[in-house]
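Data block below; observations after.
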Amino acid sequence: GVPIALHIFFFQAVASPPSSNFLLLGPSGAGKTAFTTLLEAKSSLASNKSHSTHTSQQSTLVTVTLPPTVPTGSNRYRSVNDPSLKEATRNPIRYRVRDTPGHGKLRASQGIAELQAMSQSKDIKTRLRGVVFMVDTAALVDEATLRDTATYLHDVLLFLQKRAKNGSSSKRTTDIPVLVAANKQDLFTALPPGAVREKLEAEIDRIRKSKTKGLLDASADTELEGEEEILGNDEQEAFSFKLLEHEVGVKVDVVGGAVKGDLQEEFGSGVRRWEEWIGMCL
Ligand code: GDP
C-alpha cells in the first residue's frame, strides 16, 4: 500500500487554496469579461465542474486552473515529456483572477482602488502576483480611445512605480509585473502587438509631458505641494516600457491574443500566450 504520509501529502496538495491572484484591468469593451468567462469554462472542462456566468457590471473573483502543459516560473521545464506533467494533470495549478467592472467614468478609479487594496495585502492568500491590462487592439486607431486607454495604463503604472519606490530595501516589496494583453487579434482591423506597444508608449509620453508642463505652470504661482512623480523618472528621454523597467523595475510585456474568434472557439489557443505569462509569475 501507499504510506499514509503520502496520502496526506496528496490530500493537502489537492485541498490547498490557490494563493496567487491576478488583477484584470482595462477599458470597457476590451474583453475582460469574455476572458474570465473563457478561463472559467476551460477550467470547468478540466475538472467537470460547471461555471458561473457573469456580467460586466460586477467585480468578480474567479478561481481557474492553468493548463498542465503551460510551464510555471517555479517549474520552467515542465514539458509534454516531463513526468511531472501527469501530476500537473491530476492536480492542476490554480490561481485567481479579479475582474473589474468596466462601466462609466468610475471604472479607472475603481480599478486603481482595487489595485491598491490587492497590492497592499499582507495576507499571502490575497497577494497580487500580476496585473493583466487588456486592450482592444482594433479600437486603438481611434484617438479618443487611445488617449483613454493610455491614461488608464499610465495611472496603473504610476501607482506601481510609487509602490516600488516606497518599498524599503530591507523589506523589499515583491514585484508586480504588467501584461498588456493585446486582445482581438482575430479582427482584420487589429493593430499588431508591436504597433500597440509603440502607440501606447508614444501616448503615455504625451501624457507625461502635459503633466510636467501642468506642474511647472502650477509651481509658477503657487508653492508646489510635495514633488509629483513622473512616470519613468527620466523626463529627457522619450517614454518606453524599457525605460520604466530600467529606471523603476516595473516590467511591462505586450502580448497579442484573442478571446473570441475561430481559433479560440475550437482550441482555446488564442489566450495561450497570456496563460504562459501568468504561468511564469507562479
Ligand atoms: P469588458 O467590458 O472588458 O468586460 O469586455 P467584454 O468581455 O464585455 O467584451 C466586449 C465585446 O468584445 C464583446 O462583444 C465580446 O464578445 C467582444 N470580444 C472580446 N474578446 C474578443 C476577441 O478576441 N475578438 C473579438 N472579435 N471580439 C471579442
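In each ligand, atom 1 is the first atom listed, and ligand 1 is the first ligand listed. Both backbone and side-chain heavy atoms feed into the values below; hydrogens, waters and symmetry mates do not.
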Revision key, fill the gap. Between Arg147 and Thr151, the two heavy atoms sitting closest are O-OG1, 2.6 Å
Review point. If you count the atoms of ligand 1 from 1 in the order shown, which ones are under 4.0 Å from a heavy atom of Ser28?
Key: 2 (O)
Check your understanding: Taking both backbone and side-chain atoms of Gln185, is any N or O found less than 3.5 Å from an N or O belonging to ligand 1?
Key -> no
Point to revise | Sidechain N-carboxylate O distance under 4.0 Å for Lys32, Asp99 | key: no
Review point. Can you tell me if Gly26 has a non-hydrogen atom under 4.0 Å from ligand 1?
Key: no
Review point. Just distances here: any N/O of Val259 and N/O of ligand 1 closer than 3.5 Å?
Key: yes
Check your understanding: Same hydrophobic cluster for Val180 and Leu187, using side-chain heavy-atom links shorter than 4.5 Å among ILVMFWY?
Key -> no
**Study point:** Those atoms of ligand 1 less than 4.0 Å from some heavy atom in Ala258
**Key:** 23 (O)
Exercise for review: Go through the steps for Arg98 and Glu114 under the test salt bridge (Lys or Arg N to Asp or Glu O under 4.0 Å), then give the verdict.
Suggested key: CA-CA 9 Å; Arg98 158 90 57 199; Glu114 197 72 67; 3.6 Å; yes
Check your understanding: Does Glu276 pair with Arg272 as a salt bridge, N-O distance under 4.0 Å?
Key -> yes
Revision key, fill the gap. So CG of Asn21 and CZ of Arg96: to nearest 0.5 Å the spacing works out to 4.5 Å
**Study point:** Selected option - heavy-atom contact closest to atom 24 (N) of ligand 1, from Asp186, Leu38, Val271, Leu187
**Key:** Asp186
Review point. Do any nitrogen or oxygen atoms of Ala34 come within less than 3.5 Å of a nitrogen or oxygen of ligand 1?
Key: yes
